[in-house]
Amino acid sequence: MRTKALYSGSFDPLTMGHMDIITRAAKLYDELVIGVGVNPSKASMFTLEEREDMIREIFKDFDNVHVDHFSGLLADYVNQNDFNVVVRGLRSTTDFDYEIQMAQMNDRLFNDTVETVFLMTDPQYSYISSSVVKEVFTLGGDVSGLVPDEILKRMNR
Ligand code: COA
C-alpha cells in the first residue's frame, strides 16, 4: 500500500526540531505532506504564505515532500486528502500528555485507515519551540543552529 503521511504544525517558524522529524518521516513514507495549519490562538511572525514559501524552498530537493496548508479540523483535512498516517513529534512527557488526548480524539474523527504515529525528537532539539525561538530572537539572542539558515535570514530581514 502506498503511504501518504501528514506532518502538521504552525511552523512559525519551522525549527531544527521540525526539520529532524520531517527528514526522518520522509524516509518512512512514500509521500510526506507538511501541512501548515492556522492556530487562531497564536500571534504569528510570518504569514501563512511566507511560511509555506520558506518550507517549500527548504525541502525543494526532497522528491516525496510537499507543502500545503489547511484550516479547520485536522481530521477533515486528513480524511478529505486520503492520508493514512499523521506524524507527530514528541519532545517530552508534557508533549505526550497533550498528544495522547489529540490522537485519541482524532481517532474518533479519522477514517478507519488513518493512524497517528509518534517520532521521538532528537534530544539536542527537545527544548526548542517556535515561541521560544521567536522570544529569544526578538530580545536580541542568538538563535543560529535552532532554525534552518534560510529561516534565520528571513527573520533577520
Ligand atoms: N521540535 C521542535 N518544536 C516542536 C516539535 C519538534 N519536534 N514538535 C512541536 N514543536 C513545537 C511547535 O513549534 C509549537 O511551538 P509553539 O507553541 O511555540 O508555536 C508547539 O511545539 C506545538 O506544536 P503543535 O502541537 O504542532 O501546534 P501548532 O500550534 O504548531 O499546530 C495546528 C497548529 C493548526 C496544526 C493545530 O493547532 C491543529 O491541528 N489544529 C486543527 C484543529 C483541530 O483539529 N482540533 C482538534 C484536534 S483533536
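Atoms within a ligand are numbered from 1 in the order they appear, just like the ligands themselves. These numbers come from the heavy atoms of this one structure, side chains and all, not from hydrogens, waters or symmetry mates.
- In this model, a donor atom of one side chain and an acceptor atom of the other lie less than 3.5 Å apart for D68 and Y77.
- Here's the thing with S130: one of its N/O atoms is less than 3.5 angstrom from an N/O atom of ligand 1.
- Ring geometry, F62 versus F59: the interplanar angle exceeds 60°, so the pair is classed perpendicular (tilted spans 30 to 60°).
- Inter-residue side-chain proximity for K4 and N81 is flagged as met; some heavy-atom pair is nearer than 4.5 Å.
- Scanning all heavy atoms of the two residues, the minimum distance from M16 to Y125 falls at CB-CE2, 3.5 Å.
- Close N/O approach between Y125 and ligand 1 is not found [any backbone or side-chain N/O within under 3.5 Å].
- Among all protein heavy atoms, the one lying closest to atom 19 (O) of ligand 1 is K42 NZ, 2.9 Å.
- Put simply, atom 33 (C) of ligand 1 has protein non-hydrogen atoms near it, under 4.0 Å away.
- Close approach of ligand 1 to S131 is summarised as follows: ligand atoms under 4.0 Å from at least one heavy atom of the residue are 16 (P), 17 (O), 18 (O), 19 (O).
- Residue pairs meeting the side-chain hydrogen bond (donor to acceptor under 3.5 Å, both in side chains) criterion with at least one member in residues 147-156, sequence neighbours excluded, do not occur.
- Of all the heavy atoms in F11 and I34, the pair that sits closest is CE1-CG2, 3.5 Å.
- No side-chain donor-acceptor contact under 3.5 Å links S10 and D12.
- Within the structure, the closest approach of K134 to ligand 1 does not fall below 4.0 Å when heavy atoms are considered.
- Some N or O of H18 is nearer than 3.5 Å to an N or O of ligand 1, by distance alone.
- Between I128 and ligand 1, at least one N/O pair is under 3.5 Å apart.
- Residues D30 and N64 fail the side-chain proximity criterion, which asks for heavy atoms closer than 4.5 Å.
- For atom 47 (C) of ligand 1, a protein heavy-atom neighbour is present inside the 4.0 Å cut-off.
- The single protein non-hydrogen atom nearest to atom 25 (O) of ligand 1 is R88 NH2, 2.7 Å, given as residue, atom name and distance.
- Residue contacts with ligand 1, taken as heavy atom pairs separated by less than 4.0 Å, involve T15 solely via side-chain atoms from C-beta onward.
- Only the backbone of V38 comes within 4.0 Å of ligand 1, counting heavy atoms alone; no side-chain atom from C-beta on gets that close.
- Between Y7 and H18, the shortest heavy-atom distance links the atoms OH-CD2, 3.3 Å.
- The presence of a protein heavy atom under 4.0 Å from atom 38 (C) of ligand 1 is ruled out.
- Residue contacts with ligand 1: N39 is placed with a nitrogen or oxygen under 3.5 Å of a nitrogen or oxygen of the ligand (distance criterion only).
- Of the polar atoms of L74, at least one N or O is found under 3.5 Å from an N or O of ligand 1, judged by distance alone.
- The residue Q101 has no part lying near ligand 1, judged by heavy-atom distances below 4.0 Å.
- In this structure, G35 has no heavy atom closer than 4.0 Å to ligand 1.
- For the residue pair N39 / S41, a side-chain donor-acceptor distance below 3.5 Å is found, with atom types taken as modelled.
- At a threshold of 4.5 Å between non-hydrogen side-chain atoms, the residues V86 and V117 do not count as touching.
- Closer than 4.0 Å to atom 23 (O) of ligand 1 lies none of the heavy atoms of the protein.
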